[in-house]
Amino acid sequence: MSQPTRLRIAGGTVYDPANGVDGAVRDVCIEGDRIVADLPQGAPRLDARGMVVMPGGVDIHAHVAGSSVNHARRLLPEEHAADPVPAPRLEEGGPARSGTGGTLPSTFATGYRYAGLGYTTVMEAAVAPLAARHAHAELDDTPIIDAGFYVLLGNDDYLLDQLARGEGARARDYAAWLVGAARAYAIKIVNPGGIALWKGSGEVGRRNVTGLDESLGSSTVTPRKILEALAGAANALALPHPVHIHCNNLGQPGNAATTLESMKALGGQRAHFTHLQFHSYGGERGKAWQSAAREVIEYVNAHPETSVDVGQVMFGPATTVTADGPVEHLLYTSTGRKWVNVDIELESGCGIVPYAYKERAAVAALQWAVGLELFLLAKDPWRVVLSTDHPNGGTFLSYPELIRLLMDRAYRDERLKGVNHKLLAESALLDGLAREYTLGEIAIVTRAGPARLLGLTSKGHLGPGADADVTIYANDADRARMFATPRYVLKAGTLVVEEGQLRRAPAGRRLAVRPEVDAAAAKDVKRFFDRYASVSFENYGAEPVA
Ligand SMILES: [Zn+2]
């Protein structure tokens, strides 16, 4: 088929939850890069009868570009050799490039593989401001998908200094300046205060924060104050996505208490809590783990201002990549695997450890169960959306398998039999959770929900004016197979996948926001740079700073 500027996707079964369409047979019309209400008879048609039509997938949290991801790629040469990605044979447009896969595919392979899954929008979840240029360069080199990133805040010296002085308004102005300077889409907080404390505490007696009201060394700043300041900043600046929070105590037994306290600290205002699975454990620090998913999701169910993505663990290879340096140090010392630690001066940290989740390992089985419990006990799929924290809990290529686990109880129960039950005593999964997600609910947790939480009004739906990002699946009872190999994918009106084959790879667009900046605040940041930073203020940020 040649590339039409008009296309009628005819007779498919459409799932467009944002517009209240739940499995209705109807046409979807495209003109240029937009969805339109109708087209004249005689417009080119794509016969979608018997097929399932959804908006293109939207990934709210993945690690796909930038300095941390690139460090991880360099750590994993064995993955490159094991999973070469030959250049696809494209019909037209854009250079086709070879690359490598594994848990952290190279840039081109990332774009190809996301599109091949029917995903057309991806958010890179953690970029240190100092590495913003690198992240943009890699995203420029990642075809097809529209992408943006969240900029790391909450452990940087300037912010902590302002908070210590009680300069809340200046902290907000700084956040606005930084989001604009980095050309970011949202504010990300990772282990508020904990990374700064860990970096500053020297080789011996490494310290991390363990609770919301613990002060950072001699400072009066606490994790609670950081959360309040940055959540308040994102909301005061009316950013399209609220503050995106990786809580303190990731991966620790008993951390559900900290997670709930963090949610309550921001009660009444919009906030997004990411990879909730890694923050929903009961038990006590240093003692046995158990599931606390029920308690955590009950809070989320009752609080419409709170949204989450799950961060499901999938069995198989993974690579843990996070700004949470202390967590990776712990994982390194407990597993003895190879490890990278990066100190990003004045700003943040980064740690990387390759990993594998095994069915027979008690903790991995618990993590797998906790994620599924969160999904299956969630009352509002619009606020509890799908992620594996790619590649931390598993790679994005495992999403189809995850969808099958959610949609197919018999399959899920069969898999449950094969996992280690040692830590599952408190897990609601053992109660035999009967819920099976419908196709409409899958459309919510994989596209409509994330788009709404991101404030992307032209994504995640198929109403007139929306971006013409559309995925068409063969309706297959094996949901893993169905979602792994869409028959057609359109990105901004371009047919990128036809008959299951990648045919075109146009460039994607960057998603970024530019809040208004207070000139006095920018001047003060410059003073700070002149005194302490090794990078000059003028050379900082993703664009020349006005
Ligand atoms: Zn993440």
Side-chain angles (χ1 to χ4, degrees), residues 58-73 75 103-105 110 114 119 121-128 131 135 138-139 147-155 184-192 194-195 230 241-252 255 259 262 271-280 307-314 317-328 330-331 340-342 344 348-355 357 367 370-371 374 384-399 402 450 453-454:
V58 178
D59 198 336
I60 198 168
H61 186 112
H63 299 271
V64 292
S67 156
S68 58
V69 167
N70 214 38
H71 274 294
R73 292 188 188 113
L75 186 67
T103 54
L104 289 133
T110 295
Y114 260 112
Y119 271 75
T121 304
V122 179
M123 285 293 175
E124 156 58 51
V127 171
E138 285 202 12
L139 290 177
F149 65 71
Y150 310 150
V151 70
L152 288 161
L153 263 161
N155 284 283
Y185 190 78
I187 295 170
K188 171 80 175 295
I189 309 177
V190 173
N191 183 7
I195 301 168
L230 291 175
H241 185 51
V243 70
H244 195 98
I245 302 161
H246 155 152
C247 290
N248 301 107
N249 291 333
L250 180 142
Q252 299 282 353
N255 65 9
T259 306
S262 305
H272 183 87
F273 292 83
T274 190
H275 38 66
L276 192 61
Q277 177 278 128
F278 287 110
H279 304 274
S280 299
S307 64
V308 307
D309 61 90
V310 169
Q312 177 69 36
V313 151
M314 299 296 286
T319 299
T320 62
V321 186
T322 175
D324 204 337
V327 163
E328 295 291 16
L330 200 65
L331 193 61
V340 168
N341 181 64
V342 188
I344 299 153
S348 185
C350 168
I352 302 157
V353 177
Y355 199 67
Y357 299 96
Q367 294 179 308
V370 166
L374 294 172
V384 182
V385 301
L386 187 143
S387 71
T388 62
D389 190 12
H390 159 83
N392 283 282
T395 83
F396 64 82
L397 292 178
S398 67
Y399 295 171
L402 173 52
L453 296 177
L454 289 166

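In each ligand, atom 1 is the first atom listed, and ligand 1 is the first ligand listed. Remember, predicted model here, so these are calculated numbers, not experimental data.
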> Taking only residues two or more places apart in sequence or in another chain, which ones pass salt bridge (Lys or Arg N to Asp or Glu O under 4.0 Å) with E124?
Replying inline: none
>> Which residues pass the ring pair (Phe, Tyr, Trp, His ring centres under 6.0 Å) test with H390, not counting sequence neighbours?
In response: F396
> Judged by modelled atom types alone, do D309 and T274 share a side-chain donor-acceptor pair under 3.5 Å?
Replying inline: yes
>> Quick one about S387 and Q312 (side-chain donor to acceptor, distance below 3.5 Å, no hydrogens or angles considered), yes or no?
In response: no
>> At a cut-off of 2.8 Å, what protein N/O/S atoms sit near the Zn ion (ligand 1)?
In response: H61 NE2, H63 NE2, D389 OD1
> With sequence neighbours left out, what residues match V327 under side-chain contact (heavy atoms from CB on, under 4.5 Å)?
Replying inline: L250, D324
> Out of curiosity, T322 OG1 to H246 NE2, how far, rounded to the nearest 0.5 Å?
Replying inline: 4.5 Å
